[in-house]
Amino acid sequence: MTAAHHISAQPSDFRFDPGTLALLVIDMQRDFLLPGGFGESLGNDVALLRTVIEPLAALLDTARAAGIPVIHTREGHLPDLSDCPPAKLLRGSPSQRIGDPGRFGRILIRGEYGHDIIDELAPRADEVVIDKPGKGAFFATELAEVLADNRIRTLLVTGVTTEVCVHTTVREANDRGFDCLVVSDCVGSYFPEFQRVGLAMIAAQGGIFGWVADSAAVRAALD
Ligand code: C5J
């Protein structure tokens, strides 16, 4: 890695110590991204999320080559749903609910094919995978301990969906004192308006939750 430890970002340059940096990849799971899966059964156009795959695969390659730790998350629940509060399980009137049989196994249930990460972004054997029952990656998980053990203070945040699990995690991280840079073309939403506004909200007011930059700028700083 070069000595250029800053990334051109919004609302200002993002300065980082490479020794305390990690790449967080949120919920790039088949249930959300595969045609015919849960996300699509909710009426969503998964093509909007799938635009993330190519730039994120390239960013993963760069991060791995630079020796930056990569942490993946998966949203999902135990087979008996004991970790899924009724407020989450019963909300709305979707055609399929968490735990129902879907095309790729029981929806958002740990161990099922659909719950796992898409092949293009499969974690390497030495990378941490955090299973989370909530939208935020800190809630009811070991993420805080993993970051502390590895002296991580700064996060490059990627994954889906921008306004839900990415936002919740960035807000949780911000409150815990982490600096977060959200990689704009490596996060995705089923709703273009939420993507636009979700990114704008992060960098607004001098960076109220963090910074935003595209993957070209991030990769240039890591190469
Ligand atoms: C959602 C997520 N949208 N990973 N999950 O339910 O953002």
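From a predicted model like this one, the values you see are computed outputs, not experimental measurements. Position 1 is the first residue of the sequence, and the numbers go up from there.
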Fill in the blank from the handout: On a heavy-atom basis, the closest approach of Leu21 and Pro69 is O-CD, 3.2 Å

Practice task
Could you pull out all residues at least two apart from Arg15 that satisfy salt bridge (charged side-chain N to carboxylate O under 4.0 Å, His left out)?
Solution key: Asp13

Practice task
Take Leu181 and Val218 through the side-chain contact (heavy atoms from CB on, under 4.5 Å) test and state the conclusion after the steps.
Solution key: CA-CA 9 Å; Leu181 182 144; Val218 176; 3.8 Å; yes

Practice task
Under the side chain to side chain contact (heavy atoms under 4.5 Å, CB included) rule, collect the residues that match up with Asp80, sequence neighbours excluded.
Solution key: Leu78, Ser82

Handout entry: Sequence neighbours excluded - side-chain hydrogen bond (donor to acceptor under 3.5 Å, both in side chains) pairs with any residue from residues 185-196
Key = Thr162-Gln195, Glu163-Ser189, Asp185-Ser215, Glu193-Arg196

Exercise for the section: Not counting sequence neighbours, list each pair that qualifies as a side-chain hydrogen bond (donor to acceptor under 3.5 Å, both in side chains) and has a residue in residues 57-72. Expected result: Thr62-Arg219, Arg64-Glu127, His72-Glu127

Exercise for the section: Would you give the length of the straight line joining atom OG1 of Thr154 to atom NE2 of His5, rounded to the nearest 0.5 angstrom? Expected result: 11.5 Å

Exercise for the section: Please work out whether the ring planes of Phe191 and Phe194 are parallel, tilted or perpendicular, with thresholds of 30° and 60°. Expected result: tilted

Practice task
Quick one: pull up OG1 in Thr168 and NZ in Lys132 and give me the separation to the nearest 0.5 Å.
Solution key: 7.5 Å

Taking only distance into account, with no hydrogens and no angle test, what donor-acceptor pairs under 3.5 Å do side-chain atoms of residues 28-42 form with protein atoms, sequence neighbours excluded?
{"unit_1": "Gln29", "atom_1": "OE1", "unit_2": "Glu75", "atom_2": "N", "d": "2.7"}
{"unit_1": "Gln29", "atom_1": "NE2", "unit_2": "Glu75", "atom_2": "O", "d": "2.8"}
{"unit_1": "Gln29", "atom_1": "NE2", "unit_2": "His115", "atom_2": "O", "d": "2.9"}
{"unit_1": "Arg30", "atom_1": "NE", "unit_2": "Tyr113", "atom_2": "OH", "d": "3.4"}
{"unit_1": "Arg30", "atom_1": "NH1", "unit_2": "Tyr113", "atom_2": "O", "d": "2.9"}
{"unit_1": "Arg30", "atom_1": "NH2", "unit_2": "Asp119", "atom_2": "OD1", "d": "2.6"}
{"unit_1": "Asp31", "atom_1": "OD2", "unit_2": "Leu108", "atom_2": "N", "d": "2.8"}
{"unit_1": "Glu40", "atom_1": "OE1", "unit_2": "Gly36", "atom_2": "N", "d": "2.8"}
{"unit_1": "Ser41", "atom_1": "OG", "unit_2": "Phe38", "atom_2": "O", "d": "2.7"}
{"unit_1": "Ser41", "atom_1": "OG", "unit_2": "Gln96", "atom_2": "OE1", "d": "3.0"}

Handout entry: Side-chain heavy atoms of Trp211 within contact of Cys180, under 4.5 Å
Key = no

Handout entry: Nearest heavy-atom neighbours spanning Ile53 and Leu121
Key = O-CD2, 4.0 Å

Exercise for the section: Determine yes or no for a side-chain-to-main-chain donor-acceptor pair under 3.5 angstrom, with Arg151 supplying the side chain and Gly19 the backbone. Expected result: no

Problem - Results of salt bridge (charged side-chain N to carboxylate O under 4.0 Å, His left out) for Asp83 - residues two or more places apart only - result: Arg110

Problem - Nearest-0.5 Å distance, CG of residue Leu156 to CG of residue Leu222 - result: 6.5 Å

Problem - Non-hydrogen side-chain atoms of Ile98 and His77 separated by less than 4.5 Å - result: yes

Exercise for the section: Output the distance between atom OG1 (Thr73) and atom NZ (Lys135), rounded to the nearest 0.5 Å. Expected result: 11.5 Å

Exercise for the section: Compare all side-chain heavy atoms of Glu172 with those of Phe139 and state whether any distance is below 4.5 angstrom. Expected result: yes

Problem - Phe209: hydrophobic cluster co-members (side-chain, 4.5 Å) - result: Leu24, Ile26, Ile71, Val128, Ile130, Phe138, Leu143, Val146, Leu147, Ile152, Leu155, Val157, Val166, Val170, Phe178, Val182, Val187, Leu199, Ile202, Ile208, Val212

Problem - Taking every non-hydrogen atom, the tightest pair across Thr169 and Ala137 - result: OG1-N, 3.0 Å

Completion exercise
Hits for side-chain hydrogen bond (donor to acceptor under 3.5 Å, both in side chains) against Asp116, two or more places apart or cross-chain, chain-then-number order -> Arg74

Handout entry: Remaining members of the apolar cluster that contains Met201, side-chain heavy atoms under 4.5 Å
Key = Val197

Problem - Nearest non-hydrogen partners of Pro192 and Leu48, listed with the distance - result: CD-CD1, 4.1 Å

Completion exercise
Note: Val70 and Ala63 closest approach over all heavy atoms is CG2-CB, 4.5 Å

Handout entry: Contacts of type side chain to side chain contact (heavy atoms under 4.5 Å, CB included), residue Ala217, not counting sequence neighbours
Key = Ile7, Ala213, Asp214

Exercise for the section: With rounding to the nearest 0.5 Å, note down the distance linking OG in Ser93 to CG in Leu90. Expected result: 11.5 Å

Fill in the blank from the handout: salt bridge (charged side-chain N to carboxylate O under 4.0 Å, His left out) filter on Glu120, not counting sequence neighbours, yields Arg50

Handout entry: Pair listing, salt bridge (charged side-chain N to carboxylate O under 4.0 Å, His left out) test, anchored in residues 92-103, at least two apart
Key = none

